[in-house]
Participant: 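Okay, here's the structure, questions in a sec.
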Amino acid sequence: MTFAKSYEPGDYESDIYAAWEAAGIFEPTVPTVPTDDDGNGIDDREKITNSSTFSIVMPPPNANGNLHIGHGLTIALEDSLTRYYRLRGESTWYIPGADHAGFETWVVYEKELEKQGHTRFEYSRDDLYARVWDFVAKQRGNMELQLRALGASCAWDDLTFTLDENVIDRVYTTFEKMWNDGLIYRDEKLVNYCPKHRTAFADIEVEHKDEKGTLWDIEYKLAEDSDGPVHSLIVSTTRPETLFGDTAVAVNPEDKRYKSLIGKHVKLPLTDRTIPIIADEHADPEYGTGAVKITPAHDFDDFEVGERHQLERIKVISENGTMINVPNEYEGLTTTECRKKVLKDLKEAGLLRGEKKIEHSVGHCYKCGTVLEPMLKEQWFVDVAKLAKTAIVHLENDEIRFFPANKKSILINYYKGLKDWNISRQIPWGIAIPMFRKADDSATDEPDWIFDRRTNLREIEKAGVTYVRDEDTFDTWFSSSHWPIVCTDWTEENYNPYYPLNVMETGADILFAWVARMIMMGLYVTGEVPFKEVYLHGLVLDEHGKKMSKSKGNVINPMDLVTKYGSDAFRLGILRGRSAGMNQAFSENSVIAGRNLCNKLWNISRLVQSIVDKSEDSISDSYTTENMGEDWICREINDCLEQVAADMENYRFAEAVETIYSTIWDKYADWFLESQKLFRNTSLLKHTLEALLIALHPFAPFVTEVIWQNLSWADGFIATKKWPKSFEFDPISAENFENIRIIVSEARSTLAALGSANNAKKYDLLYDNDSLVEDNLLLIKALLKVPAINPLNGAPRGLRLALANHEVYLDVPEKAVNDYRDALTEKILSVGRELDALNLRMSNPNYVEKAPEHLVKETKDAITEKTALIARLKQQLELI
RNA sequence: GGAUCUUUAGCUCAGUUGGCUAGAGCGCACGAUUCACAUUCGUGAGGUCACUGGUUCGAAUCCAGUAAGAUCCACCA
């Protein structure tokens, strides 16, 4: 292959990925379990602990969805880590996943059903499960192709789908253990319920929004005669339709107005029921009239009040959102219709005493936006107290490092306030809860519920008693909390070198929903934390710093960017300027900068290859440095490699990329390669180019691999090479080159200041008594592009460069020097200001006394240098 | 109501335990150009580090407060 004039990512990327995949280089090299002679797994740690491993799991994208920009960031982060540790020689295992996305997929499928004129109620649970399975199978595959396009170097053979058998098995094993440990219980509680989707949610899934609403005042007349002035209670409510479910009115025990009424009763409007007046702290004397209706079946606070006072729970709203257990004329109305009628009837009865507009927060379904109904339902709950407590102990023991670090205490706080976890969902698309209910009431000695794995059966028989399967499925977070365990094939029997994971990388927004639960579950199942480090990324915002959303129309599709600029450019661009946990704006400019870097590297390689082609040297594994530029680039590359290693250790991706970027561009291309146009050290060129390619490979895998495949001397895949060793060089020689750079830069800057009117570039350079310049005439001439460099020979003339330690002049005519007079004066003033600042510092005895020695020395040296510089510049000014 | 985070150049962001003249990319201005690259090269302009106090020899950095913005948790009859 030869190098085209510019790098066109689209011409190579898919072939390169296919070649990697065919070569099987993404598979880990150390087995998960050592085996005995019969091929059975054994617990022989000796056999595998000698090799080091790096494991990381992919937060599974929706199996039948498309990747969004957040996935793009996720892959860029995770794959950079994976490829970096692969180059560092670890047995890396990046385990890909696909999510059945229980609720999301269900919502999509249900819409599809509706389009076809059907509803879920026409089918059995098992039918629906099979239908969604087919639906997903047909849609599947897009996201896996997109992961490949992004360059994810994951072990495809080990892809885990969240409904795989081993996942379900593990989840059932855990559930059984929890059931036996008494951590699972069934209870009738209020849950957040979406009447449209007809399923309950966990607290964490509820989306609270501030909304405008109305607060109505309703009069409840006292049932008993009263001696005092009070003959009725006014209660305030935003939900008048629930009054049929009221079983008490509460007042605050300290509220003097109502003290005498406690224990008496009121008539419930529009009904013939009377309900008691109770005393409870929940009633706030300052709010409204201080009296509050209590509806235990339809309000979370009221439920708790009801618990305290053993109030009856009357359920007046059904699962489909219509009224039940209410007077005939209201029966079957929707809640909205019922509210209207109740208000109308109250008004007619003269019991509606006022209304005002308020703003309050209301729970919504995060998918369809429907207002959630607190609904009384029997559900399975996990008693989280012990799990959370254990998790806190391990976190406080610093067994997991967090990036950003403050998330640890946030998580501990969360665990402290964690309520029991509702794991039942009324959605067919998910893992069936392996519990069966006794069908025959007469078998009184048998338990009401039994655990059984045979969830493919609707009915089972045990000890002659028939049991019917619970129709519900697990909350997807219950199964995904096992993710590190199931992906690494962790088992009770054998030591697994990939568990715990080295790092869990995911979005900061699911710290509670996912990370918190993986930690609890990992500890419960394996006794170990499931990962040693957690890196949380923030949201990718649009270019103006706003959240991306379909409704705003500001969504950026990562695949469009990959097509337009290449996968590497996208990865480099999305990593730039990003740090752990921060929401950050996306900037297409950064992707463009990434694209430019790829092209730059391509052309650097093209130049190096052309030099190698012309060279008559035989290919050699060793190198020597023969001039200053070579020593200098070795020094710079060593610094770069060290810096990148430190950055990766601390998950500072943006800094790592920045470091390599400037080493490749500002140092290697701009200075070293320019100098190599004179001195052609082919074996060093090869080694240094390889080092830079390898250093960039984790972040830009495609272009580095394409170049690698193109280089005449390189073999194998760069993806599996070893991280470069540091280069040997002469530090004094390297520092000399640094001085040449300073001279050249100063000369360029002065030439530019002389301006185009003076046709600056035709001036010669003069030097006096300066061996560094004298010994490097050719190099300086090439870098500076001046016509000639000559010894001064005689009195100073032309324009002296503002260098303290070198006597170098630009051979400009007197007129041009005069034109430069103002610039020179300004320069003297500005150096003078710096000198003043330094002198001021030294004149402070506290500084000299208390600041570290090396700083004081640096200050002294700077003063000496600047003093000399000013003297020389002033001398020059006098000459003019 | 509780908590966390952010505020640095026109834009998007770095700036690790306090320490040289606060940096990068993009944008802007001026200049260059056969001979790796216009996805290029060179030079430059541009910052009261949100504000007010404090600690310190020294503060963008640490502390306290104020302002603006963002996010999360809880709750609002």
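Residue numbering restarts at 1 for every chain, and letters A, B, ... go by the order of the sequence lines. Computed from a predicted structure; not experimentally measured.
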Participant: Enumerate the ring pair (Phe, Tyr, Trp, His ring centres under 6.0 Å) contacts for residues 576-615 of chain A, please, sequence neighbours excluded, ordered by first and then second residue.
Facilitator: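 Pairs touching residues 576-615 of chain A that pass the test: Phe3(A)-Trp602(A), Tyr7(A)-Trp602(A), Tyr12(A)-Trp602(A).
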Participant: Whether Arg833(A) and Glu826(A) form a salt bridge (side-chain N of Lys/Arg under 4.0 Å from carboxylate O of Asp/Glu) is what I want to check.
Facilitator: yes
Participant: Just by distance, no angles: are the side chains of Thr214(A) and Lys357(A) close enough, under 3.5 Å, to form a donor-acceptor pair?
Facilitator: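 Yes, because at least one side-chain N or O of Thr214(A) sits under 3.5 Å from a partner of the opposite role on Lys357(A).
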Participant: Mind checking side chain to side chain donor-acceptor pair (under 3.5 Å) for His282(A) and listing every partner two or more places apart, or none if nothing turns up?
Facilitator: none
Participant: Is the charged tip of Arg517(A) near the ring of Trp421(A): under 6.0 Å from the six-membered ring centre and within 45° of its axis?
Facilitator: yes
Participant: Assess, by modelled atom type and distance only, whether the side chains of Glu219(A) and Ser232(A) contain a donor and an acceptor separated by less than 3.5 Å.
Facilitator: yes
Participant: Tell me whether the OP1 or OP2 atom of G15(B) has a side-chain N or O from Arg652(A) closer than 4.0 Å.
Facilitator: yes
Participant: Between Glu658(A) and Arg652(A), is there a side-chain N and carboxylate O pair less than 4.0 Å apart?
Facilitator: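 Salt bridge between Glu658(A) and Arg652(A), a charged N being under 4.0 Å from a carboxylate O: no.
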Participant: Starting at atom CZ of Arg841(A), determine the distance to atom P of G58(B), rounded to an integer number of angstrom.
Facilitator: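 About 12 Å, once rounded to whole Å.
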Participant: Under the side chain to side chain donor-acceptor pair (under 3.5 Å) test, which residues partner Thr563(A), sequence neighbours left out?
Facilitator: none
Participant: Among residues two or more places apart or on two chains, list those pairs meeting side chain to side chain donor-acceptor pair (under 3.5 Å) that have a residue in residues 665-674 of chain A.
Facilitator: Glu636(A)-Lys667(A), Tyr668(A)-Thr688(A), Glu674(A)-Lys677(A)
Participant: Given atom CG of Leu855(A) and atom P of G18(B), what is their separation to the nearest angstrom?
Facilitator: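 To the nearest whole Å, that distance equals 13 Å.
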Participant: Mind checking if Ser610(A) touches a base, just sugar-phosphate, or nothing, with heavy atoms under 4.0 Å?
Facilitator: nothing
Participant: Using the 3.5 Å cut-off, write out each protein N or O paired with an N or O of nucleotides 46-50 of chain B and the distance between them.
Facilitator:
none

Participant: Mind checking what makes side chain to side chain donor-acceptor pair (under 3.5 Å) contact with Tyr565(A), not counting sequence neighbours?
Facilitator: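 Listed in chain order: Glu588(A).
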Participant: Looking at Tyr651(A), I'd like to know if the NZ or CZ of Arg401(A) sits under 6.0 Å from its six-membered ring centre while staying within 45 degrees of the ring's axis.
Facilitator: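 No.
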Participant: In whole angstroms, how far is the C1' atom of G19(B) from the CG atom of Leu840(A)?
Facilitator: 15 Å
Participant: What does the B/S/- profile of nucleotides 3-11 of chain B look like, 5' to 3', with a 4.0 Å heavy-atom cutoff to protein?
Facilitator: -SSS-----
Participant: Where do N or O atoms of nucleotides 67-71 of chain B meet protein N or O atoms at under 3.5 Å, pair by pair?
Facilitator:
none

Participant: Which of residues 843-853 of chain A sit near RNA chain B, with a heavy atom under 4.0 Å from it?
Facilitator: Asn844(A), Asn846(A), Tyr847(A), Lys850(A), Ala851(A), Pro852(A)
Participant: Between Ser579(A) and Glu658(A), which residue's closest nucleotide on RNA chain B lies nearer the 5′ terminus?
Facilitator: Ser579(A)
Participant: What residues from residues 857-864 of chain A pass a heavy-atom cutoff of under 4.0 Å to RNA chain B?
Facilitator: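 Per residue number, the list is empty: none.
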Participant: How does RNA chain B look in dot-bracket notation if pairs are Watson-Crick or G-U with both distances under 3.5 Å, crossing ones as [ ], other-strand ones as |?
Facilitator: (((((((..((((.....[...)))).((((((....).))))).....(((((..]....))))))))))))....
Participant: Where along nucleotides 39-44 of chain B does protein come under 4.0 Å, by heavy atom, of base (B) or sugar-phosphate alone (S), with - for untouched nucleotides?
Facilitator: BSSSSS
Participant: Does Lys419(A) get its side chain close enough to the base of A74(B), under 3.5 Å, for a donor-acceptor pair?
Facilitator: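 Checked by distance alone, the answer is no.
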Participant: For a quick check of understanding: with a heavy-atom distance under 4.0 Å over all strands, which category does Lys416(A) fall into, base, sugar-phosphate or nothing?
Facilitator: nothing
Participant: Mind checking whether Val540(A) and Ile556(A) have side chains closer than 4.5 Å, heavy atoms only?
Facilitator: no
